[in-house]
Q: 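Sharing a structure here in structure tokens format.
As the structure lists them, so they are numbered: ligands from 1, and atoms in each ligand from 1.
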Amino acid sequence: MSEKIELSIEEANGLIEEFGSPLYVYDEEILRRRCREVKGLLGYKRFVPDYSAKANSNLELLRIIHEEGFTVDAMSPGEIYTELRAGFDPSEILFVSNNITFDEMELASRLGVDISLDSLMQLKMYGEHHRGGRCAVRLNPGIGDGGNDKIITGGHSKFGITLDKLPQLFSIIRDYDLHIIGINQHIGSLFYDTDNYVSACRRLLSVAKDFPELRFIDFGGGFGIPYRYRHPEERPDLHEIGALMDELITDFMNAYGREIDVKVEPGRYIVGECCQLLGTVTSTKVSYGEKYVGTDIGFNVLMRPVLYDAYHYIAVYNHEDKEETVNLVGNICESGDILARQRRLPKLHIGDIIGIRDTGAYGYSMSSNYNSRLRPAEVLLDRSTGKRKLIRRRDTYEDLLRSMEL
Ligand code: LLP
């Protein structure tokens with residue numbers, strides 16, 4: 001069984017013919033397999049994995065992930081709205097907020113969604129209006145990890161309440177008679193090494209004992225996936241992480257005197273690898289001695305390469321034997337609109353289909369209408385029946401104007 005979605009040349013061409021280009025294509029079987037792997041992370045029986053929906057909030061994918069037994073986190077009222085529509089109960093949603101307005105706080109409360117607050121000031125604001133209320137807090141354990149500076153959140157970053165502020169935190173809790181039902185952290189996204197994650201778990205547990213009313217502890221997400229298909233980008237060993245965490249959790253629960261829920265909240269690990277973004281070669285040229293291959297995948301469709309210099313493996317669906325070194329670029333009016341620089345690929349011709357791999361996480365969810373380009377459609381494949389299901393239609397030109405036609 002493949003770890004990544006595989007397509008034949010015929011399938012890739014057929015999909016583009018039927019649904020248009022570019023196109024996000026997901027494999028349901030791989031998605032479900034990743035869900036089950038994460039569900040098996042801990043032996044601890046009150047383990048309740050959350051899916052971090054910012055990675056991909058397509059309704060159909062959310063429904064599948066829910067069916068696989070996941071609860072979910074939300075970053076915004078919009079994510080809460082989508083998750084409720086996907087069938088999650090309010091009690092299955094954790095609003096992991098960051099710099100939200102009072103109205104957003106109130107909306108979550110009204111809906112019955114638990115909220116985690118990530119600064120002393122926001123906790124105070126909550127307390128002023130909800131004396132005796134219950135909420136969670138996001139702590140910053142001072143340990144960070146991740147793929148690049150923009151997505152490392154533990155340690156020096158805007159996130160969470162640092163541990164040196166615990167005395168002030170406890171005094172706000174006392175002042176407003178708050179009940180802290182959960183503590184959470186997220187050290188960053190896209191880490192491969194297990195050490196920092198496990199050390200941060202240990203650190204969170206070391207302060208958890210000071211919160212007597214906890215219902216859950218949430219260690220966050222961030223588990224990397226192999227984008228480069230080679231060392232050091234290897235899949236984190238979930239068995240190793242799980243075994244180490246289980247040990248820490250058992251010791252903690254014994255000392256705490258009762259068992260509470262334990263969560264993690266991965267996004268990328270769940271949805272990243274089940275997807276390929278298909279696109280079409282639109283033109284080629286040589287400029288300044290370099291070959292440029294133009295495609296219809298601009299950075300409005302896939303932002304990761306431009307924003308993070310992210311590497312994605314590129315599959316080429318033609319029968320070409322010759323290879324050449326090219327810059328694979330999009331159709332957006334900016335010089336930075338480059339999917340892959342100086343990449344060795346089979347020779348590409350106009351009309352060839354390419355597949356950008358591992359684009360299920362932070363692909364569609366970060367897409368935009370920049371340059372008034374249309375966002376693509378999304379299709380879900382069920383390999384067992386051969387069914388192809390359109391799970392989001394392509395934008396239309398009317399969609400571009402809808403919110404301005406007042
Ligand atoms: N929990 C919290 C509080 C988070 O902020 C995040 C991600 C997650 C969980 C899920 O992290 P994951 O397991 O997916 O790594 N756009 C970037 C990634 C941004 C991650 C933001 N927060 C990228 O394309 O690499």
Side-chain angles (χ1 to χ4, degrees), residues 31 34-35 37-38 41 49-57 61 65 70-76 79 83 93-100 114-119 136-141 144-155 157-161 182-194 196-197 200-201 204 216-228 233 235-236 238 241 263-275 277 299 301-312 339 356-368:
L31 172 63
R34 289 285 174 269
C35 288
E37 273 173 29
V38 170
L41 175 72
D50 261 358
Y51 165 63
S52 195
K54 64 187 78 65
N56 191 318
S57 51
L61 304 188
I65 293 165
F70 277 65
T71 52
V72 74
D73 79 7
M75 275 293 132
S76 67
E79 282 188 357
E83 291 160 1
I93 302 174
L94 175 64
F95 185 17
V96 183
S97 71
N98 179 242
N99 299 328
I100 53 168
D114 282 336
I115 183 167
S116 166
L117 297 160
D118 93 329
S119 71
V137 285
R138 176 169 178 173
L139 300 178
N140 180 337
D145 205 345
N148 64 69
D149 287 349
K150 292 188 177 120
I151 55 176
I152 296 175
T153 48
S157 81
K158 70 168 179 165
F159 290 104
I161 300 168
I183 51 175
N184 65 296
Q185 68 182 17
H186 173 73
I187 64 167
S189 282
L190 192 54
F191 62 80
Y192 293 98
D193 185 28
T194 56
N196 284 326
Y197 192 80
C201 292
L204 191 65
F216 71 86
I217 300 178
D218 176 352
F219 295 111
F223 307 100
I225 57 170
Y227 284 105
R228 286 181 189 269
E233 291 197 2
R235 186 181 306 288
L238 293 192
I241 303 182
K263 293 166 178 279
V264 295
E265 50 186 44
R268 184 187 328 261
Y269 194 88
I270 301 289
V271 288
E273 292 166 283
C274 66
C275 174
L277 168 59
F299 74 76
V301 175
L302 180 68
M303 201 161 185
R304 300 193 72 256
V306 172
L307 194 56
Y308 311 115
D309 274 330
Y311 178 98
H312 285 266
L339 280 163
I356 318 289
R357 285 200 169 172
D358 306 314
T359 39
Y362 309 106
Y364 193 94
S365 67
M366 292 175 70
S367 67
S368 76

Q: Contact between Val38 and Pro266 at the side-chain level, heavy atoms closer than 4.5 Å - yes or no?
A: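 They are in contact (side-chain heavy atoms under 4.5 Å apart), so the answer is yes.
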Q: Would you kindly say whether Asn184 and Lys263 are connected by a side-chain donor-acceptor distance under 3.5 Å?
A: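 The answer is no; no qualifying pair exists.
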Q: Please report the shortest heavy-atom distance between His312 and Pro305, naming the atom on each side.
A: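 Here His312 and Pro305 meet closest at CD2-CG, 4.3 Å.
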Q: Any idea which of Ser52, Gly363, Gly221 brings a heavy atom closest to atom 10 (C) of ligand 1?
A: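 Minimum heavy-atom distance to atom 10 (C) of ligand 1 goes to Ser52.
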Q: What is the closest protein heavy atom to atom 14 (O) of ligand 1, and at what distance does it sit?
A: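 Protein heavy atom with the smallest distance to atom 14 (O) of ligand 1: Tyr362 OH, 2.6 Å.
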Q: Would Arg304 and Tyr227 count as a cation-pi pair here, with the cationic atom under 6.0 angstrom from the ring centre and within 45° of the axis?
A: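 Because its charged atom sits under 6.0 Å from the ring centre and within 45° of the axis, Arg304 does stack over Tyr227.
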Q: So, regarding Gly222 and ligand 1 (criterion: nitrogen or oxygen to nitrogen or oxygen, under 3.5 Å), is there a contact or not?
A: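 Between Gly222 and ligand 1, an N or O pair is found under 3.5 Å apart.
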Q: Does any part of the side chain of Ile65, heavy atoms only, come nearer than 4.5 Å to the side chain of Val271, both counted from C-beta?
A: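 Yes, at least one pair of side-chain atoms sits under 4.5 Å.
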Q: So which protein heavy atom does atom 24 (O) of ligand 1 come closest to, and at what separation?
A: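 In this structure, atom 24 (O) of ligand 1 has Arg304 NE, 2.6 Å as its nearest protein heavy atom.
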Q: For atom 21 (C) of ligand 1, grab the closest protein heavy atom and report residue, atom and distance to one decimal in Å.
A: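 Nearest neighbour among protein heavy atoms for atom 21 (C) of ligand 1, to 0.1 Å: Lys54 CD, 3.7 Å.
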Q: Which of the numbered atoms in ligand 1 are under 4.0 angstrom from any heavy atom belonging to Gly267?
A: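 What qualifies from ligand 1 is 10 (C), 12 (P), 13 (O), 14 (O).
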Q: What's the shortest heavy-atom distance between Ser157 and Ile152, and which atoms?
A: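 Smallest interatomic distance, heavy atoms only, reads CB-O, 4.0 Å.
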Q: Can you tell me which residue and heavy atom of the protein come closest to atom 19 (C) of ligand 1, and the distance to 0.1 Å?
A: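 Of every protein heavy atom, Ile151 CG2, 3.7 Å lies nearest to atom 19 (C) of ligand 1.
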Q: Decide whether the shortest distance between a heavy atom of Met303 and an atom of ligand 1 is less than 4.0 Å.
A: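 The answer is no: ligand 1 sits nowhere under 4.0 Å from a heavy atom of Met303.
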Q: For Ile241 and Phe223, which heavy atoms make the closest approach, and how far apart are they?
A: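 Smallest heavy-atom distance, with atoms named: CD1-CE2, 3.8 Å.
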Q: Quick one: nearest non-hydrogen protein atom to atom 3 (C) of ligand 1, plus distance?
A: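 Checked against all protein heavy atoms, atom 3 (C) of ligand 1 sits closest to Glu265 OE2, 3.3 Å.
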Q: Please tell me if the side chains of Ser189 and Arg268 come closer than 4.5 Å, counting only heavy atoms from C-beta onward.
A: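 When only atoms from C-beta onward are counted, Arg268 and Ser189 do touch, with a gap below 4.5 Å.
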Q: Which part of His186 is near ligand 1, with near meaning a heavy atom under 4.0 Å away: side chain, backbone, both or neither?
A: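 Within the 4.0 Å criterion, His186 contacts ligand 1 through side-chain atoms alone.
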Q: Hey, which atoms in ligand 1 end up nearer than 4.0 Å to a heavy atom of Pro266?
A: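 Those atoms are 13 (O).
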Q: Starting from atom 16 (N) of ligand 1, what is the nearest protein heavy atom, named by residue and atom, and what distance separates them?
A: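 Result: Tyr308 OH, 2.7 Å.
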Q: Name the closest protein heavy atom to atom 20 (C) of ligand 1, giving the residue it belongs to and the distance to 0.1 Å.
A: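 Heavy-atom neighbour on the protein nearest atom 20 (C) of ligand 1: Ser189 OG, 3.2 Å.
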Q: Out of Ile93, Leu94, Val96, Ile100, which one pairs with Ile115 under the side chain to side chain contact (heavy atoms under 4.5 Å, CB included) rule?
A: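 Looking at Ile93, Leu94, Val96, Ile100, the match for Ile115 under the side chain to side chain contact (heavy atoms under 4.5 Å, CB included) is Ile100.
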Q: Between Lys54 and Ser365, what is the shortest heavy-atom contact and its length?
A: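 Heavy atoms of Lys54 and Ser365 come nearest at O-OG, 2.9 Å.
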Q: Does the N or O separation between Tyr269 and ligand 1 drop below 3.5 Å for any pair?
A: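 Checking ligand 1 against Tyr269, no N or O pair falls under 3.5 Å apart.
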Q: Heavy atoms only, cut-off 4.0 Å: how does Met75 contact ligand 1, side chain, backbone, both, or neither?
A: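 Under 4.0 Å from ligand 1, Met75 contributes side-chain atoms alone.
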Q: What part of Asp73 sits under 4.0 Å from ligand 1 if we count only heavy atoms: the side chain, the backbone, both or neither?
A: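 The answer is the side chain of Asp73.
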Q: Relative to the heavy atoms of Met366, which atoms of ligand 1 are at a distance of less than 4.0 Å?
A: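 Here the atoms of ligand 1 in question are 16 (N).
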Q: Where do Ile270 and Cys35 come nearest, in terms of heavy atoms and distance?
A: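 What the structure gives for the nearest pair is CG2-SG, 3.8 Å.
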